[in-house]
Amino acid sequence: MREADVIIVGSGLAALMVAYHLCEHKNVIIFTKSKKETSNSWLAQGGVAAAIHPDDHWLSHYTDTMIAGCEHNDEEAVRILVQEGRDAIQQFINLGFSFDVDEHGQLLFGQEGAHRMRRILHAGGDATGKNMVSFLFEKLSNRVTFIENDPVIDLLVSDGRCVGVQTKNGTYTASAIVIATGGIGQLYAFTSNAETATGDGIAMAYRAGAAVADMEFVQFHPTMLYVDGKAVGLISEAVRGEGAMLVTDDGRRVMDGVYPQKDLAPRDVVSRAIEREMKNGHFVFLDVSMIPHFSSRFPTITSLCERYQIDWRNGLLPVVPGAHFLMGGIVVNVDGETTLPGLYAVGEAACTGVHGANRLASNSLLEALVFSRRVAFQLLNKTEQRLTLKKSERKENNVRVALPTKEDIQRMMTQYVGIVREYDQLFYAKQWFEQYSIDELVNMAPEHDDEKRTIIYMLIVGWLMTTSALQRRESRGAHYRSDEPFERTYWEKRRIVRTKEEHLMKEGSR
């Protein structure tokens, strides 16, 4: 058994920033279930939103964030994001990172959906996330321990406190455990997410006793490159920010008459409009013909098109919406503390409430910068207690039913818990998930087989998403129900919080 001061699970921007702020003072181990480059942050083409232009103000960014989030946001978390975001960006620049600048050396500001002004910083055109993550890998070289290809399979809890992790290859204890495992995109057939984004961290935290919330709020990115029935990669919203328009195969503009901001409407609005056209038998394209120097402005997207033999020069890129970002996750306060002592969460796996019902474009990388710093400062200023590890109370593996495949789960979520939902479909999905004995999966010992464990955690997360969507009988932001198509006063600021106790109560009643 090995010990550390802090164990971080995940290797995206949020994880690396926590590690950077701690590495001079703490012994930090970072675990990844694949290579350290495999993360949603590495794939992030969009930039970082921050109100740092002289004509911008944090109040404007605050208002845009609240409007996009349908006022479901936690106001304190949003204020922290937009106010501290300015300093976080400046600090990152001071470390030596270079955002894109014009010929005069001035920062370039891009436009994206639901922002009232240009406030998006990019690096390498459409390779912002990759550049930021690569920069931090260099900064952390030989300063923290990276353990790749050794997935964390369970959180260790003793006397009501998280005291360590069990990985596939060993057991590690620490004073603090930080979950930074990203989102749940791989639960859907079409997604922009990395292959590792199967909700493991959220499932493990839930199984350990931490609360999760807002699991019904899943943002679908409107523009995934669509080739031979598959979504093969993201086309950044920044492309529409530079003037690109969504059109149908018969030449109509998709967003005309749908929303005042047309192609730069909030992502949920655009995604539903595209899905509506596709259900009516049309193909949808992103017309990029009006963007000068497209290949130099968007080299990642250009390379993606060429890889799949899509001629970007003709101006029409075939698109489909794909699962992109989970607004919900592990319940945390603004310092990253979960409801389970010793356990912290940051980034997409965490739910501060900062994104409300629908994340504003390019607020995710900013969230990683801002809240990782707060988590790190909390850990530096708090004396954590390391407890003795006791024998696990989890039941031994005893899955009584044959598990579905990953593709089965993706089909179920895409068809029944997707962009547009309704009661009968959600109820069908709930029954489908519950045939796999969710209560037992939550309480049993972790499965060591990688494929089986991934499926089990996907089942737990998919069930949480489905049943939360059933409970919220309204439409708000990214959660849209055709049978309840309006926001309802009852649900204003009301979060659906889920804990493991719901399974313990069921067991006790048997």
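Hydrogens, waters and symmetry mates are skipped; everything else that's a heavy atom, side chains included, is used. Note that the coordinates shown come from a computational prediction; the quantities given were computed from them, not determined experimentally.
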Trainee: I need the full list of salt bridge (charged side-chain N to carboxylate O under 4.0 Å, His left out) pairs touching residues 194-223, with sequence neighbours left out, sorted by first then second residue.
Mentor: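 Sorted pair list: Lys33-Asp200, Asp154-Arg207, Asp214-Arg495, Glu216-Arg472.
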Trainee: Would you say the side chains of Gln219 and Asn358 form a donor-acceptor pair under 3.5 Å?
Mentor: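 Asn358 and Gln219 do have a side-chain donor-acceptor pair below 3.5 Å.
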Trainee: Could you verify whether a donor N or O on one side chain and an acceptor N or O on the other, from Ser271 and Asp268, lie under 3.5 Å apart?
Mentor: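 Per modelled atom types, Ser271 and Asp268 side chains form no pair under 3.5 Å.
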Trainee: Indicate whether any N or O donor in one side chain lies under 3.5 Å from an N or O acceptor in the other, for Thr65 and Arg359.
Mentor: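 Not at all, the side chains of Thr65 and Arg359 share no donor-acceptor pair under 3.5 Å.
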Trainee: Under a 3.5 Å threshold, yes or no: a donor from one side chain and an acceptor from the other, between Glu348 and His355?
Mentor: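 No, no side-chain donor-acceptor contact under 3.5 Å.
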Trainee: Quick one: ring pair (Phe, Tyr, Trp, His ring centres under 6.0 Å) partners of Tyr259, sequence neighbours excluded?
Mentor: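 So Tyr259 forms no ring pair (Phe, Tyr, Trp, His ring centres under 6.0 Å) with any residue.
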Trainee: Taking atom types as modelled and ignoring hydrogens, do the side chains of Ser475 and Arg421 form a donor-acceptor contact shorter than 3.5 angstrom?
Mentor: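 Not at all, the side chains of Ser475 and Arg421 share no donor-acceptor pair under 3.5 Å.
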Trainee: Report yes or no: is the cationic atom of Lys500 (NZ for Lys, CZ for Arg) under 6.0 Å from the centre of the six-membered ring of Tyr206, at an angle within 45° of the ring normal?
Mentor: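 Geometry flag: not set, cation outside 6.0 Å or 45°.
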Trainee: Apply side-chain hydrogen bond (donor to acceptor under 3.5 Å, both in side chains) to Lys35 and list each qualifying residue two or more places apart in sequence or on a separate chain.
Mentor: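 Partners of Lys35 under the side-chain hydrogen bond (donor to acceptor under 3.5 Å, both in side chains) test: none.
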Trainee: Could you check whether the rings of His503 and Trp463 sit parallel, tilted or perpendicular, using 30° and 60° as the cut-offs?
Mentor: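 Ring orientation of His503 relative to Trp463: tilted.
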Trainee: Return yes if a side-chain donor-acceptor contact under 3.5 Å exists between Glu112 and Ser362, otherwise no.
Mentor: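 The answer is yes; a qualifying pair exists.
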Trainee: With under 30° as parallel and over 60° as perpendicular, where do the rings of Phe427 and Tyr423 fit, or are they tilted in between?
Mentor: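 Phe427 vs Tyr423 ring planes: parallel.
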